[in-house]
Amino acid sequence: MSFVMNGVTVQYAGAASPALLDASLSFEPGVHTAVLGPNGAGKSTLLRVLLGLIRPAAGEVRFEGRPTSEWTRREMARRTALVSAGEEFAFPLSVQELVTMGRTPHLGSWRAERPVDREVVRQALYDVDLLGLAGRPVSTLSAGELQRARLARALAQESDHLLLDEPTAHLDLGHELATFERIEQLTKEKHLTTITVTHNLNLASRFSDRVVLLSGGRVTAVGEPREVLVSERIEAAFGCPVEVRDLAELGVLAVPTSNRPET
Amino acid sequence: MKRATPYLVLSGLLFAGCWFGLFVGPADLSPEDVLRALWSHGDQDVARRIVMGLRLPRIVAAVFVGASLSVSGAVFQALLRNPLAEPYLLGVSSGAALAAVGAIALGIGAMGGMILPLAALSGGLAAISIVFAVARVSDRLDTRVLILAGVVVSAFFGACITLILVLSPAQTLRSAFFWTLGSLSGISWSMNAILIAYTVPAAIAAWGLGRHLDALALGDETAAAVGTEVETVKRAAFFLASLLAAATVSVAGVIGFVGLVVPHAVRLLWGSAHRRLIPLTFLAGATALVVTDAGARALGGPVEIPIGVVTAFLGVPLFLVLLRRKGGA
């Protein structure tokens, strides 16, 4: 088991209710898990607590059998990579420099980049089809290219656990599909433990092996996409009526049937 | 080869600036005089007394003050994720100035060579300790609170300085006022020794933070995810940048714009990767202040214009040009 969480509750200071309540989940290698749920359901919090970026108020998170609090950030970054939802660029940066940051846990503070580091960065850029844009300033990239550059940085960490927070936000249809295909392919090829937070129920059902449904900080369903993505569960979680169609190999399509969500 | 070019260019300029600086002053010295003064022994030689007692310590001070202010500015900019941050933003200078002006007003500043710099250094470090304590919320350093606390503490200390100046006799007023303007004159070898002892290790440590400062520029969460101990790095960056600034203020007073313009220009020319930016900024800052100081002395004639005024006159137009070119960021 890669990650095991047991009765985890997360409470942010000043928040009225916990962001995550008594959550127990485990994740294993080679499996792509999609985390679904409405805004504020605790999806990003789940990723943060798995990586030890925040401490649970109750319960325990273990990574590879050791409590996450015992891992240093550097050890953790050699085994896990995160593509977070938002990122600011305070200073001009090239794609190459952005992706090279993924080598930080391998280089530490003082070591200069070695040929092996440059090769890993090159391979990561190749994996996301950005080799031709290595020298471009990050500020000139399109939303899709930027998202791929950040995925390349995560790949350059050479970790066997990949956590993605809405990796297809702001992406168009084609780029969204390509991203999910790539994530699925990398998971199987490199036998990664992959956890993707997303709002695209359709692509999640098509490209993930397992779905976790969150609502109000609680895990309301876990299982194979077709077991979890049924209309009653989606309606309960998102608070709006939906019609669900099974599109066979194209996954499950959930279409809201009313414009007035109850929450 | 290409990676080494900026280092070679800046080192060359720095050496040329230092060499030029040795010839600026009321006494006309030939290159032979200067070389003889540098390599000979004994104090009988007038040229040696001018070079080793006046001009060289001033140049050495300019090198380390310029370098330290620039590295301090670069680190503050990374820590605060703001390209417009500068070394004095968080109250170091006002704390140091208050301690120095206080020491002058009480009469203890005039007692000995090292009292004033040490008072200023303690004042600067006291100011940043207050700012740090305010900005530390439940074991995390909030950089937005850091800026606000720094600005407010600076304003308070500024008011204290004004009060002391108003209540002081004219003679005290003049020396205290000159101190707040910044000056490279009268810096002794022992003051230089303190300056170097603080700033060189701090600058090297800041260089070691380079990769983590890159990560920090993308936000705390991403930085932590690539293996940076975010809070440790923020604290280290804050103290190193503050120490660099405080050490310069303690020997040379407040010299504006070097710490803002130099890192900005280096970022534009050679990129923002801090492992390169910090050593390049060190060289560029040293060069900028040595050349500015020598140039100001060569043109100023008998009246010494405070170096802080000169750097403002040069720095402001230069900064406005950079700002226009970059469209505000």
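Proteins come first, then strands; the chains are lettered A, B, ... in the order of their sequence lines, and each starts at number 1. Basis for what follows: all heavy atoms, side chains included, without hydrogens, waters or symmetry-related copies.
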**Note: A:Asp117-A:Arg111 ion pair, threshold 4.0 Å (strictly below)** = no
**Message:** Which atoms of A:Arg153 are under 4.5 Å from chain B, going by heavy atoms: the side chain, the backbone, both sets, or neither?
**Reply:** side chain
**Asked** Looking at B:Gly219, B:Ala217, B:Gly271, B:Ala223, which has the largest count of heavy-atom pairs under 4.5 Å with chain A?
**Response** B:Ala217
**Request:** Give, as side chain, backbone, both or neither, the part of A:Ala112 having an atom under 4.5 angstrom from any heavy atom of chain B.
**Result:** both
**Message:** Surrounding OH of A:Tyr126 (heavy atoms of other residues, nucleotides or ligands, distance under 6.0 Å), is the total greater than 12?
**Reply:** no
**Item:** Donor + acceptor pair across side chains of A:Thr187, A:His32 (<3.5 Å)
**Value:** no
**Complete:** Per-residue tally against chain A (heavy atom, under 4.5 Å) across B:Arg81, B:His212, B:Gln77, B:Arg275 peaks at B:Arg275
**Asked** What part of A:Met101 gets closer than 4.5 Å to chain B, counting heavy atoms only: side chain, backbone, both or neither?
**Response** both
**Message:** Can you tell me which portion of B:Leu216 sits under 4.5 Å from chain A's heavy atoms? Options are side chain, backbone, both or neither.
**Reply:** neither
**Item:** Winner by heavy-atom pair count (cut-off under 4.5 Å) against chain B, out of A:Gly108, A:Gly52, A:Ala81, A:Gly102
**Value:** A:Gly108
**Request:** Examine whether an atom of A:Leu51 lies under 4.5 Å from a heavy atom of chain B, and if so say whether it belongs to the side chain, the backbone or both; otherwise answer neither.
**Result:** neither
**Request:** Pick one of side chain, backbone, both or neither for A:Thr104, based on which atoms fall under 4.5 Å of a heavy atom in chain B.
**Result:** both
**Donor + acceptor pair across side chains of A:Thr45, A:Tyr12 (<3.5 Å)** = yes
**Message:** Please classify the contact between A:Ser159 and chain B as side chain, backbone, both or neither, with a heavy-atom cut-off of under 4.5 Å.
**Reply:** neither
**Asked** Under 3.5 Å, side chain of A:Gln96 to main-chain N/O of A:Thr100, donor-acceptor pair present?
**Response** no
**Electrostatic pair A:Arg150-A:Glu87, nearest N-O below 4.0 angstrom** = yes
**Asked** If only atom types and distance count, is the side chain of A:Arg114 paired as donor or acceptor with the main-chain N or O of A:Leu107 below 3.5 Å?
**Response** no
